[in-house]
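A short write-up of the structure that comes next.
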Amino acid sequence: MVGNILDFEKPLIELAEKIKELQSFMDEKGIDLSDEINRLKQRARNLQQEIYAGLTTKQILQIARHQNRPTAREYVDHIFDEFVELHGDRRFGDDPALLGGIGLIDGIPFTLLGHQKGKSTKENLKGNFGMAHPEGYRKALRLMKQAEKFNRPVITLINTPGAFPGVGAEERGQAEAIATNLMEMSDLRVPIIVIVTGEGGSGGALGIGLGDKVMMLEYSYYSVSSPEACAAILWKDADKSAEAAEALKITSSALYKLGLIDEVIKEPAGGAHKDPGKAAMLVKEAILSSLKELSKLSIEELINQRYQKYRQIGEFSRISLSEEGLG
Amino acid sequence: MFKDLFGKSKYVTVKTIEKRDKEEVSPDNRLWTKCNSCKEIIFNKKLVENLMVCPKCGYHFRLTAKDRLTITLDQGSFKPFGEDIYSLDPLEFPGYKDKIAKAKAKTGMDEAVIVGEGTIKEHPVIIGVMDFNFMGGSMGSVVGEKITLAIEKALETRKPLIIFSTAGGARMQEGMFSLMQMAKTSAAVKRLHKAGVLFISVMTNPTSGGVTASFASLADIIIGEKGALIAFAGPRVIKQTISADLPEGFQRAEFLLEHGMLDLVVSRDQLRDELARILKIHQAGVVNYGG
Ligand SMILES: [Zn+2]
């Protein structure tokens, strides 16, 4: 499981191994080393805090893509009291890369949609690493319309490298499916709560990502293009992906500062994958407090506020850059 | 009869473009151009007369936004709006300001889209035309804003909206501001539909990425210009993913028509006529029911 080890966590892993060694030594020989062990444990906590306080964008990208990062299904298991998965777009098929269903959180009914990344190779082959086909986006739309019919708020959990780039996906209208979701989500007459839990990969992420409250987990990312593709296209050099990752401003803190997301959800120490149960509880709190806030608005106010929020996104000037003497 | 109509209108269009705009249509060489498809050497005069379509194989060369306006609208009818909007560099992305300056110098345009109003065979329209020569027609804040202004102008005036799109991908240098233009333009289109205003999207070569996955795919009538590459993910990306050859004609307008993604595929010499025909039918009024 080499792929699971984050290189910047190596000192932490070494420390953990040392603690384990001391522990077994203590158990074997009956010598009390608990002071030393506690000291090392404290050092590990401090070190973890230090490492995570100074993460580069590239490192955050690694955490966001970590194989043990909680999936949509895990969040559902932790957060929902009851959940029924619903399948199919009624047009072509059912896309395992996009999980959909209805359920109860603290007795409140929700419709949930989320990209489903697998944890094993087998799961990932079936679910295309969370890269949805048009039928996935159309299933999402069908369930959102159903939610609207029954006044159920919608939760979407985003975790995808992007929409699936394949022959069938193109033949069946990947672009049209995403575009239609954007158009319909802009006017859906129920609250939409969006949470980027891992990878927010471009149009494939946005395809279920237009909402009233858009939040990101602390170590997730959201980007117009993968930093690897950006580096390859702009600089013809895929090795510059770390620089591209910085330049693209894809982290939760950067996007919050730019006003492009509404809230950052804290993760447990060392990232969501270290404690999925706790991560899920933090997500649950964010969902419930968002709903509380959004349900104060009438539906008309909600729709209008949602429209204005997106209408205002864009940075431009009335004076040409070259007139400022910059070009 | 169809043939007569076709011949007649073609003559008219060619004559006007020749008379007014020879110098505006700008092939890469002063005297001749080599066809990208069949490699035929074509005299520029002939190419311009033929609306930048190869007379031998029918290959459609890319048009600048200005040339597209010229061959689409009635002479002198175009009035631009949203001209005083310029790109910023919100992420302070390395090299971006320089790229914009170069694109401006190269194209004489402020951004990758021109919007305004005009008439097509006397039918008033709101029109937006993207230009691939300006940073690959990529959509950043300004393109998204201008497209939205065009949608809003159509909403306000209730004139039909026509958008000619071309895009190689997102404006990466504006990061998530670019991605969110997909949401912004799509939300605006929804308002247009709810208000019952006609929207015609013409996808030209190439239209891909976020533009295809937003407003360009949300029109009442979607036309692909003959031979245009129309895609979400580009063919190179797909080839890499599936590591196999792509089907014949994959992602070309004709392929999309066959798969139900377009209403029509129209060659350049017939586009103005076809648009006028749709506008004529649309503007014939409404049937009153129950009266
Ligand atoms: Zn040719």
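Contacts of B/Leu246 with chain A are made by side-chain atoms alone, with heavy-atom separations under 4.5 Å and no backbone atom involved. Only the side chain of A/Ile233 comes within contact range of chain B, with heavy atoms under 4.5 Å apart. Heavy-atom distances place both the backbone and the side chain of A/Leu248 under 4.5 Å from chain B. At a 4.5 Å heavy-atom cutoff, the contact between B/Pro247 and chain A is made by side-chain atoms alone. For chain B, the nearby part of A/Arg172 is the backbone; its heavy atoms alone come within less than 4.5 Å. Of the two parts of B/Glu152, only the side chain, counted from C-beta on, holds a non-hydrogen atom closer than 4.5 Å to a non-hydrogen atom of chain A. Of the atoms belonging to A/Ile313, heavy atoms from both backbone and side chain fall under 4.5 Å from chain B. Contact of A/Ser225 with chain B is made through the side chain alone, with heavy-atom distances under 4.5 Å. For B/Lys102, no part lies near chain A; criterion is any non-hydrogen pair under 4.5 Å. Contact of A/Tyr307 with chain B is made through the side chain alone, with heavy-atom distances under 4.5 Å. Only the side chain of B/Met261 comes within contact range of chain A, judged by heavy atoms closer than 4.5 Å.
Ranking B/Glu92, B/Glu174, B/Gln173, B/Arg191 against chain A, the residue ahead of the rest is B/Arg191, based on heavy-atom pairs under 4.5 Å. Top candidate by heavy-atom pairs under 4.5 Å with chain B, chosen from A/Ile250, A/Val224, A/Thr180, is A/Val224. Most heavy-atom pairs under 4.5 Å with chain A: of the set B/Ala170, B/Ala188, B/Gly260, this distinction falls to B/Ala188. Of the residues considered (B/Val189, B/Thr212, B/Leu218), B/Leu218 shows the highest number of contacts with chain A, using heavy-atom pairs under 4.5 Å. No other option in A/Ser223, A/Ala244, A/Gly209 has as many heavy-atom pairs under 4.5 Å with chain B as A/Ser223.
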**Study point:** Stepwise side chain to side chain contact (heavy atoms under 4.5 Å, CB included) test for B/Lys99 and A/Leu234
**Key:** CA-CA 11 Å; B/Lys99 273 200 177 150; A/Leu234 288 186; 3.8 Å; yes
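Between atom CD1 of residue B/Ile85 and atom CZ of residue A/Phe316 there is a gap of 5.5 Å, rounded to the nearest 0.5 Å. The distance from the OG atom of A/Ser317 to the CG atom of B/Asp84 is 9.5 Å, given to the nearest 0.5 Å. For the atom pair CG of A/Asn181 and OG of B/Ser214, the computed distance is 13.0 Å after rounding to the nearest 0.5 Å.
Residue A/Pro165 comes nearest to B/Ala233 through the heavy atom pair CB-CB, 3.7 Å, listed as atom of the first residue, atom of the second, then distance. In terms of heavy atoms, B/Ser217 sits closest to A/Glu176 at CB-CA, 4.0 Å. Closest of all the heavy-atom pairs between B/Ile242 and A/Gly166 is CG2-CA, 4.5 Å. What you find for A/Val167 and B/Ile238 is that their closest heavy atoms are N-CG2, 4.1 Å.
A/Asp187 has a carboxylate O that lies under 4.0 Å from a charged side-chain N of B/Lys194, or vice versa, which qualifies the two as a salt bridge.
For NZ of B/Lys239, the number of neighbouring non-hydrogen atoms (other residues, nucleotides, ligands) closer than 6.0 Å is 12 at most. Heavy atoms of other residues, nucleotides or ligands lying less than 6.0 angstrom from CD of B/Glu248 number 12 at most.
Of the possible polar contacts, none joining the A/Glu170 side chain to the B/Ala231 backbone as a donor-acceptor pair under 3.5 Å is found. In this structure, the side chain of A/Lys249 engages the main chain of B/Leu91 through a donor-acceptor pair within 3.5 Å.
With contacts defined as side-chain heavy-atom distances shorter than 4.5 Å, the pair B/Met176/A/Leu258 does not qualify. Within the 4.5 Å cutoff, the side chain of B/Phe255 has heavy atoms near those of the A/Glu171 side chain. Residues A/Cys230 and B/Phe93 are in side-chain contact: their nearest non-hydrogen atoms beyond the backbone lie under 4.5 Å apart.
Under the 6.0 Å distance and 45° angle rule, A/Arg318 does not count as a cation-pi partner of B/Tyr86.
Within residues 177-186 of chain B, the residues having any heavy atom less than 4.5 Å from a heavy atom of chain A are, in residue-number order, B/Phe177, B/Ser178, B/Leu179, B/Met180, B/Gln181, B/Met182, B/Ala183, B/Lys184, B/Ser186. Among residues 141-151 of chain B, the residues having any heavy atom closer than 4.5 Å to a heavy atom of chain A are, in sequence order, B/Ser141, B/Val142, B/Glu145, B/Thr148, B/Leu149.
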